[in-house]
Amino acid sequence: MKKPMQLGYLSLNTDSNIMMDSRQRMGLRLENGRLDGNNRSKKRPNRTRLFPITTHPTPLPIACGTAWNMTLEEAKKNRRGLGHVLFQFLRSIIPSSEEDVTMESSATETDEDSVEWRDQNGMTSSKKHSSRKLSSVPIKIRHLHKTFGEGSESFIALRDINLDFEAGALVALVGPSGSGKSTLLRIIAGLETCDNGQILFGDEDATNIRVQDRRIGFVFQHYALFRHMTVEQNIEFGLKIRGVDKKTRKKKVAELLDLMQLSGLGHRFPSQISGGQRQRVALARSLAPDPSVLLLDEPFAALDAKVRRGLRAWLRRLHEEVGVTTIFVTHDQLEALEVASTLVVMNRGRVEQVGTPSEVYDNPQTPFVMSFMGEVNVLKRSRALGENTLVDLENAQKFRSQRAPETFMLRPHDIQIDLAPSLYTTEATVVSIVFLGWQVNVDVELSDGQVLQAHLTKSTFEKLNLCRGQTVYIRFPEKTMYQVEDDYSI
Amino acid sequence: MIKYLILILSLTYLNFFIFLPIFILLSDILASGIFPLFRTYFDYNLFHAFSLTFSLICIVVPFNSFIGLWIAWTLTHQKFWGREILLFVLDIPLTLSPILIGLMMTLLYSKYSYLGSFLFNSGIKITYNLLGILLTTQFITFPLIPRQIIPILSKIDQQEEEVAKTLGANSWQIFWLVIFPYIKRSFLSGVVLTNARVIGEFGALLMISGNIIAKTQTLTLFLEQSYKEYQNYISNAVSLLLFLLSIFLLFFQRYLFL
């Protein structure tokens, strides 16, 4: 056969086909997945994808704009061709079948108890429902870059993000609003596309896999439950879509209701249950199809303080039990410290620091992390400070800045207050005292007007018996001072 | 006291402006007895007009349902230039006077226009033909369903669709399992409105159809003609038919779907 002539993405075969008159063209027959213009047949060609199971590669009509003699398999690979576009369209509207799925892993039912995940290599990993441990994958993010908008209105949401999460990790993406943490989560989920970069689920490049095939569970801040479905139907939804049979579905739903402590609420509608319960339903729904990654977007932000506290502990226990790689977004640093095993602190589209809660809190790498993860005092070098303190400042821990130390940060609870002067103290006056029950916030003013806040425990405060206007002597213990750039402001 | 006054006023209003005309119509129809009415239903021209209206419903309503859902979905789910203009254009068929629409269609498709002459020469007759009636009815009624659905579609939380996506649903499944249950009611009321409009359309059809008896005459056109020709039995019969159809549709909407 001659080589097809290329006309942009539309390539034509210079064979006899093109010479056909329109009458002949109507009688095209499709044979072995190739279009053949010479034969005529009254039988309509079977070219629909409406019925999912077909054994031979189904050809596309000529109008697809790829080659005249191209099979579906070839057309799919030609990304620029109309055939690919049409294939994508068909795949998006027609329930997926085994054979037209290239990257998808689909659940197939083998026996009553287990659901099998079959990935592209044909590898199977059977998971008993009763064990509840899900297969989780490590996630790698490489050079991720995302910009919203175009031209002058563009906004860089993520700049060169590189992250590694091990399988089964419980990760918190924490940062102020606008730091890009939600965008990152949505890109991992596939709900948003990235401009550059790669996302790897295990060894598999997931960057171009569509959301439906990523095997993720996603929980939104406002639950996004299907309001017209009962709790049971909500949880069942993902299983139904993946074609799990009814018996297994019922079993799985009952199990999840039990796990989420929602037994007895199965027949209620989302409007008839409380916020905390709704969030648990949303979690159950996302866990039902056995995801390998669980993503939570500010899961507790819409709940009141008490319920939130309960759910945090509960989420940690759930994670221990299920063991799925979990990433959640929060703007609340306490929540992140409490729940997560790994923290990713983000600011302005950059990752500032990655580490365990204690690493992030005790060894902040940047001034931002220091100020975001807890309260800080900013102290400027001045003559008001005691002589030895000034010497101490030279040994202050440094962030990346190499300039001469002028400004420092320290945590309020690191300031110690004495009633009598000693070698390392600085004189100060108590300005205000705020009693919070478990702790007392004392504001002290140095002689040059700088005000520092100290957090004292209740017993310390009672021992000191401070009152306003009193002169006290403050000390800064070693390794609590962090030097920052002079123009830094919180 | 004022409460009762308001009540009495509103009841009087209802009586005078709504119930009284209906009552007069029905009493007029029934005064001549029911059985003579039934005899007129076997009139060929009437039967033809009825079947034409009925087949119009059968074609236009399913087609409009499909197109309406499609348009509504596109307008709410895709951001493109000219979206606002399209939303505005959607209102045009509803605001234009039907007879003007009829005139427009006649001007467009008559054999003296460019398009019309081309079509006529290719053997497609549109004006004074069934195709013209179909196109005109289509033009008039297509915004009804999108108009009903769009406000509700645009209110649905985008996140529910995203959740469905993460659970593995494709667009088709998302639409039928997640979106459609929300818009079901307004969609059905849009269908009922379309039905009513197809049955009741008069002005535009008068222009495009040419009012050819037993060929392009719909039920409303038939009613007008029979009334003008002093065929009171027949016009009464048609009135009753139209009245019952409308009332049936109203009940259908109110009690079956809402």
Side-chain angles (χ1 to χ4, degrees), chain A residues 50 88-96 101 104-107 185-186 188-192 210-229 233-244 270 281-283 285-291 293-297, chain B residues 62 65-84 122-124 148-190 256-258:
Chain A
L50 287 170
Q88 288 293 330
F89 172 71
L90 288 173
R91 198 170 75 160
S92 71
I93 63 166
I94 293 163
S96 58
V101 172
E104 186 175 350
S105 50
S106 56
L185 195 80
R186 288 173 64 85
I188 296 172
L191 294 169
E192 207 91 58
R210 53 183 201 142
V211 199
Q212 283 91 332
D213 305 333
R214 287 201 188 190
R215 283 180 58 203
I216 48 154
F218 202 99
V219 177
F220 283 97
Q221 179 180 352
H222 296 289
Y223 333 121
L225 294 177
F226 306 129
R227 281 164 288 160
H228 56 274
M229 296 184 197
Q233 287 166 335
N234 262 293
I235 299 173
E236 214 179 8
F237 186 84
L239 299 171
K240 225 182 205 171
I241 293 289
R242 288 176 203 261
V244 180
V281 173
L283 258 170
R285 181 179 62 180
S286 62
L287 284 173
D290 291 346
V293 182
L294 184 61
L295 305 167
L296 309 141
D297 190 1
Chain B
S65 309
F66 181 72
I67 292 289
L69 285 174
W70 187 296
I71 289 175
W73 176 267
T74 315
L75 285 181
T76 47
H77 280 75
Q78 287 181 14
K79 299 267 176 291
F80 53 91
W81 187 89
R83 189 175 154 273
E84 299 293 317
S122 336
I124 302 168
Q148 295 281 316
I149 302 172
I150 282 171
I152 293 173
L153 256 188
S154 54
K155 247 188 271 170
I156 293 177
D157 197 351
Q158 200 81 32
Q159 292 185 344
E160 283 183 40
E161 287 166 41
E162 287 179 344
V163 157
K165 256 190 208 168
T166 63
L167 292 170
N170 58 36
S171 313
W172 196 248
Q173 286 165 326
I174 289 175
F175 183 77
W176 287 112
L177 299 175
V178 180
I179 307 295
F180 192 70
Y182 291 123
I183 59 171
K184 195 168 65 186
R185 288 181 173 195
S186 52
F187 169 68
L188 288 170
S189 80
L256 272 150
F257 299 128
L258 298 183

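Proteins come first, then strands; the chains are lettered A, B, ... in the order of their sequence lines, and each starts at number 1.
At distances below 3.5 Å, not a single donor-acceptor pair connects side-chain atoms of E160(B) with backbone N or O atoms of A224(A).
Of the residues considered (D297(A), V211(A), L239(A)), V211(A) shows the highest number of contacts with chain B, using heavy-atom pairs under 4.5 Å.
No part of L295(A) comes within reach of chain B, as not one of its non-hydrogen atoms sits under 4.5 angstrom from that chain. Proximity to chain B (any heavy atom under 4.5 Å) is restricted, for R186(A), to the side chain, taken from C-beta onward.
Residues L177(B) and F226(A) form no side-chain contact, since every pair of their non-hydrogen atoms from C-beta on lies 4.5 Å or further apart. Between K184(B) and H228(A) there is no side-chain heavy-atom pair separated by less than 4.5 Å. You'll find the side chain of P289(A) reaches within 4.5 Å of the side chain of L167(B), heavy atoms only. Taking the side chain as every heavy atom from C-beta outward, Q221(A) and Q159(B) never approach each other to under 4.5 Å.
The heavy-atom pair separating Q212(A) from N170(B) by the smallest distance is NE2-CA, 3.7 Å.
Atoms CD and CZ, on Q158(B) and F220(A) in that order, are 9.5 Å from each other to the nearest 0.5 Å. R214(A) contributes atom CZ, which lies 11.0 Å from atom NZ of K165(B) (distance to the nearest 0.5 angstrom).
More than 12 non-hydrogen atoms from other residues, nucleotides or ligands lie less than 6.0 angstrom from CZ of F180(B).
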Worksheet item: Given Y182(B) and R227(A), is the side-chain contact (heavy atoms from CB on, under 4.5 Å) satisfied, shown in steps?
Response: CA-CA 9 Å; Y182(B) 291 123; R227(A) 281 164 288 160; 3.4 Å; yes
